[in-house]
Amino acid sequence: MSEKSLKRKLDRRRRERDDKEEESVAVKIRKIVGLVFFIAVLILTINLCIVMIHRINTVALKDDYERVFIRELFLMAFLLVGSLDLWLGFFTAFKNKALKVIGWILRVLVLAGCVCILFISSRVIAGGMKHSAENADCVIVLGMALEDGKPTRDLIYRLEEAIDYKEKNPKAILILTGGNPDENGKTEAKVMCDFLKENGIKDDSIFLEDKASTTRENFKNSAEMIHENAKVAIITNNYHMNRAVRIAEEANFRNVVRLPAHADWKTYIASLMWEVVMEINNIIS
């Protein structure tokens with residue numbers, strides 16, 4: 001073998017060795033990222049299950065919550081399978097070419113699902129970060145399912161936001177929305193009204209919309225109580241704001257002010273995935 005041929009052979013082997021080392025590093029990084037992602041999604045899924053099972057056992061609309069819970073689990077399953085494949089690469093671990101092709105198709109489908117879920121989640125989160133500084137003629141405080149007849153931490157955050165706004169804008173009218181009475185017949189709106197009164201808000205500035213069972217009905221019924229050209233502030237939790245504003249605009253509210261309230265971090269993932277489910281339903285329907 002000539003000296004040039006030997007040199008070329010040695011160079012080729014060195015390049016192959018370098019390529020393998022680079023590939024090995026990339027595989028290790030992929031596995032670490034996949035493992036971290038999988039553990040994070042698994043923890044969030046467990047948290048979601050605990051929160052939703054508690055809600056199902058304490059709210060009036062048990063059937064609705066059960067349906068959404070199943071859909072939330074389906075979405076979390078996509079994220080779990082996607083992160084598991086990122087970690088272990090099991091979709092394309094087959095030696096058979098046909099199975100490997102099928103594995104790649106499944107990987108692409110799962111990846112597309114994960115991207116859609118994360119994209120919608122990011123839009124929901126971003127929508128809750130927008131806060132309007134404008135004054136409004138009236139404020140719609142959206143209700144939320146009561147747990148054993150009591151307001152949740154998230155509903156209290158909404159009411160605290162309403163109290164803060166009312167203190168800065170004494171002439172503002174508050175419309176409290178929400179039906180879904182508990183076993184004692186108390187609606188969300190009535191419980192909210194009681195909370196506000198206990199915290200110094202006068203009864204003459206509070207109006208109740210206590211017939212609605214959904215966000216869409218909240219705005220439809222509230223529209224009958226407000227002049228169509230009035231500037232309206234919406235108070236709801238940050239994760240709910242994007243969908244609330246969209247539904248308000250569909251109900252012909254032309255001048256909307258965003259006043260997002262904080263959200264309970266312990267139940268945030270369940271609430272966020274609820275909104276993702278609702279947004280997907282809106283896209284499909």
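Computed from heavy atoms alone, side chains included, the values below leave out hydrogens, waters and symmetry copies.
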So with a 6.0 Å cut-off around NZ of K202, is the heavy-atom count from everything else above 12?
no
For the backbone of F94 and the side chain of K100, can you confirm whether one donor and one acceptor N or O come within less than 3.5 Å of each other?
yes
I206 to C193 - nearest heavy-atom pair and separation
CG2-SG, 4.0 Å
Side chains of residues 74-81: which donor-acceptor pairs under 3.5 Å do they make with residues two or more places apart or in other chains?
none

Would you list the atom pairs, donor with acceptor, under 3.5 Å between side chains in residues 39-54 and any protein atom, with sequence neighbours excluded?
{"residue": "T45", "atom": "OG1", "partner": "V41", "partner atom": "O", "Å": "2.7"}
{"residue": "N47", "atom": "ND2", "partner": "K266", "partner atom": "O", "Å": "3.1"}
{"residue": "H54", "atom": "NE2", "partner": "E147", "partner atom": "OE1", "Å": "3.1"}

Beyond-backbone contact of L259 with H131, side-chain heavy atoms, under 4.5 angstrom
yes
Would you say K31 has more than 12 foreign heavy atoms packed within less than 6.0 Å of its NZ?
no
Qualifying residues under salt bridge (Lys or Arg N to Asp or Glu O under 4.0 Å), relative to E250, sequence neighbours excluded:
R216, R246
Those residues at least two apart in sequence (or on a different chain) that pass salt bridge (Lys or Arg N to Asp or Glu O under 4.0 Å) with K168 are D164
Does any non-hydrogen side-chain atom of V232 lie less than 4.5 Å from one of I175?
no
Side-chain donor-acceptor pairs of residues 150-157 under 3.5 Å, sequence neighbours excluded:
{"residue": "T152", "atom": "OG1", "partner": "L155", "partner atom": "N", "Å": "3.2"}
{"residue": "R153", "atom": "NH2", "partner": "E160", "partner atom": "OE2", "Å": "3.3"}
{"residue": "D154", "atom": "OD1", "partner": "D264", "partner atom": "N", "Å": "2.6"}
{"residue": "D154", "atom": "OD2", "partner": "Y239", "partner atom": "OH", "Å": "2.7"}

Pairwise side-chain contact, N238 with M129, heavy-atom cut-off 4.5 Å (strictly under)
no
If every non-hydrogen atom of A261 is compared with every non-hydrogen atom of E161, which pair is closest and at what distance?
CB-CB, 4.1 Å
I'd like to check F91 versus L109 (side-chain heavy atoms, cut-off strictly below 4.5 Å). Are they in contact?
no
Any donor and acceptor pair, going by atom type alone, linking the side chain of N255 with main-chain N or O of A230 inside 3.5 Å?
no
Mind checking whether N242 and E275 have side chains closer than 4.5 Å, heavy atoms only?
no
Side chains of R55 and S271: does their closest heavy-atom pair fall under 4.5 Å?
yes
Side-chain heavy-atom pair I234, R258 within 4.5 angstrom cut-off
no
Tabulate below the donor-acceptor pairs under 3.5 Å that side-chain atoms of residues 65-73 make, not counting sequence neighbours, or state none.
{"residue": "R67", "atom": "NH2", "partner": "D64", "partner atom": "OD1", "Å": "2.3"}
{"residue": "E72", "atom": "OE2", "partner": "W274", "partner atom": "N", "Å": "2.9"}

Contact summary for S213 and N180, nearest pair of heavy atoms
CB-OD1, 3.2 Å
Non-hydrogen side-chain atoms of M144 and N237 separated by less than 4.5 Å:
yes
Heavy-atom closest pair, residues G127 and M241:
O-CG, 3.9 Å
Smallest heavy-atom separation, A251 atom then A223 atom, equals O-CB, 4.5 Å
Any sub-3.5 Å donor-acceptor pair from R243's side-chain atoms to E279's backbone N or O?
no
Heavy-atom pair with the smallest gap, counting every atom of L272 and S121:
CD1-O, 4.1 Å
